[in-house]
Chemist: 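Structure below; questions to follow.
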Amino acid sequence: MDWGLFAIFLAACGAAATTGSMFMPGAWYRGLSKPGWTPPDWVFPVAWTVLYLSSAIAAARIAPLEGNAYGMAFWAMQIAFNTLWTPVFFGLHRIKAAFVIMAFLWIAVAGTMVTFFQLDWIAGALFVPYLVWVTIAGALNGSVWMRNPKEAAQPTG
């Protein structure tokens, strides 16, 4: 693996992760009705650390390969939507808009995984947990939207 490429992709993941520290869940999120299967708060930073490392490793494996254009385009798309979701949900409190972003994130992660599998099975496999996590996160976002119709209609951000 090219460690320089890994560092570049990890820096992009770090930029996305920074939104998590800039837009913390806070009292607004704690006050929302959430399903009983909501993961405990400590799970989120642990999961994202693993997912960002896996994503950077996968991208560093794919970047030097011939025929990587779609894979790299999907990777760029997923990190952009990933970066956007946190400030929209936690910063602006736009639950419905965040759900739409999450849907596009899911498509981008699935596209990344499929195109990576076509080039390198390890890189594709590294995206499987990410797709599972985004599926759970999307279901959680959707559930919060449905359980909190007043907050969804009247963002407080």
Chemist: Is there a donor-acceptor pair under 3.5 Å between the side chain of T135 and the backbone N or O of L131?
Modeler: yes
Chemist: Return yes if some donor-acceptor pair links the side-chain N/O of K34 with the main-chain N/O of L32 below 3.5 Å, else return no.
Modeler: yes
Chemist: When rounded to the nearest 0.5 angstrom, what distance separates CG in L140 from CZ in R147?
Modeler: 9.5 Å
Chemist: Mark yes or no for whether W85, through its side chain, and A98, through its backbone, hold a donor-acceptor pair below 3.5 Å.
Modeler: yes
Chemist: Is it the case that more than 12 heavy atoms not belonging to M22 sit under 6.0 Å from its CE atom?
Modeler: no
Chemist: Calculate, to the nearest 0.5 Å, the distance between atoms CD1 and OG belonging to I79 and S55 respectively.
Modeler: 5.5 Å
Chemist: Under the rule for ring-ring contact (aromatic ring centres under 6.0 Å, His included), what residues qualify as partners of W106, not counting sequence neighbours?
Modeler: none
Chemist: Suppose the criterion is salt bridge (charged side-chain N to carboxylate O under 4.0 Å, His left out): which pairs have a residue in residues 64-91, not counting sequence neighbours?
Modeler: none
Chemist: Return the set of residues passing side chain to side chain contact (heavy atoms under 4.5 Å, CB included) with A12 (not counting sequence neighbours), or none when no residue passes.
Modeler: W75
Chemist: Not counting sequence neighbours, which residues clear side chain to side chain contact (heavy atoms under 4.5 Å, CB included) with A17? List them please.
Modeler: Y52
Chemist: Restricting to side chain to side chain contact (heavy atoms under 4.5 Å, CB included), what partner residues turn up for P129, sequence neighbours left out?
Modeler: L51
Chemist: Quick check for you: to the nearest 0.5 Å, what is the distance between I62 atom CD1 and F74 atom CZ?
Modeler: 13.5 Å
Chemist: As a quick check of understanding, evaluate side-chain contact (heavy atoms from CB on, under 4.5 Å) for F9 and I57, giving each step before the final call.
Modeler: CA-CA 8 Å; F9 288 113; I57 292 167; over 6 Å; no
Chemist: Considering all heavy atoms of both residues, which atom of M72 and which atom of A59 are nearest to each other, and what is their separation?
Modeler: CE-O, 3.9 Å
Chemist: Quick one: CD on E151 to CZ on R94, what's the gap to the nearest 0.5 Å?
Modeler: 13.5 Å
Chemist: Decide yes or no on side-chain contact (heavy atoms from CB on, under 4.5 Å) for F99 and I95, but give the supporting numbers first.
Modeler: CA-CA 6 Å; F99 184 77; I95 299 170; 5.9 Å; no
Chemist: Taking salt bridge (charged side-chain N to carboxylate O under 4.0 Å, His left out) as the cut-off, I'd like each qualifying pair that reaches into residues 70-91, sequence neighbours left out, listed once.
Modeler: none
Chemist: If the test is side chain to side chain contact (heavy atoms under 4.5 Å, CB included), which one of V109, V50, V43 qualifies with W133?
Modeler: V43
Chemist: Not counting sequence neighbours, which residues clear salt bridge (charged side-chain N to carboxylate O under 4.0 Å, His left out) with D2? List them please.
Modeler: none
Chemist: Please give me the minimum heavy-atom distance between L126 and S54, naming the atom from each residue.
Modeler: O-CB, 3.8 Å
Chemist: In terms of hydrophobic clusters joined by side-chain contacts under 4.5 Å, are M77 and V128 together?
Modeler: yes
Chemist: Looking only at non-hydrogen atoms, find the nearest pair between T38 and P35 and report the distance.
Modeler: OG1-O, 2.7 Å
Chemist: Is F89 linked to W145 within one hydrophobic cluster, defined over Ile, Leu, Val, Met, Phe, Trp and Tyr using a side-chain heavy-atom separation of less than 4.5 Å?
Modeler: yes
Chemist: For residues 42-65, pull every pair meeting salt bridge (charged side-chain N to carboxylate O under 4.0 Å, His left out), keeping only residues two or more places apart or in separate chains.
Modeler: R61-D120
Chemist: Give the minimum heavy-atom separation between P87 and F23, together with the two atoms involved.
Modeler: CB-CE1, 3.5 Å
Chemist: To check you understand the geometry: which heavy-atom pair defines the closest contact between T112 and T115, and what is its length?
Modeler: O-OG1, 3.1 Å
Chemist: State plainly whether one hydrophobic cluster holds both L84 and L105, where clusters connect Ile, Leu, Val, Met, Phe, Trp and Tyr through side-chain heavy atoms under 4.5 angstrom apart.
Modeler: yes
Chemist: I'd like to know if the side chain of S143 reaches the main chain of A139, judged simply by a donor and an acceptor atom lying under 3.5 Å from each other, with no hydrogens or angles considered.
Modeler: no
Chemist: Nearest heavy-atom pair of A63 and L5: which atoms, and what distance?
Modeler: CB-CD1, 3.9 Å
Chemist: Can you name the residues that form a ring-ring contact (aromatic ring centres under 6.0 Å, His included) with F81, not counting sequence neighbours?
Modeler: F104
Chemist: Determine the interplanar angle of the W28 and H93 rings, folded into 0 to 90°, and report it as parallel if under 30°, tilted if 30 to 60°, perpendicular if over 60°.
Modeler: parallel
Chemist: Counting only N and O atoms by type, is there a donor-acceptor contact under 3.5 Å from the side chain of N82 to the main-chain atoms of Q78?
Modeler: no
Chemist: Counting only heavy atoms not in W37, do more than 12 sit closer than 6.0 Å to its CH2 atom?
Modeler: yes
Chemist: With a 6.0 Å cut-off (strictly less than), is the heavy-atom count around CE of M24, excluding the residue itself, greater than 12?
Modeler: no
Chemist: Taking ring-ring contact (aromatic ring centres under 6.0 Å, His included) as the test, write out the residues that go with Y130, two or more places apart.
Modeler: W48, F127
Chemist: Just to verify, what does Y70 make a ring-ring contact (aromatic ring centres under 6.0 Å, His included) with, not counting sequence neighbours?
Modeler: none
Chemist: List in chain and number order the residues that pass side chain to side chain contact (heavy atoms under 4.5 Å, CB included) with P25, two or more places apart in sequence or in another chain; answer none if no residue qualifies.
Modeler: Y29, F90
Chemist: Find the distance between NZ (K96) and CG (N141) and round it off to the nearest 0.5 Å.
Modeler: 12.0 Å
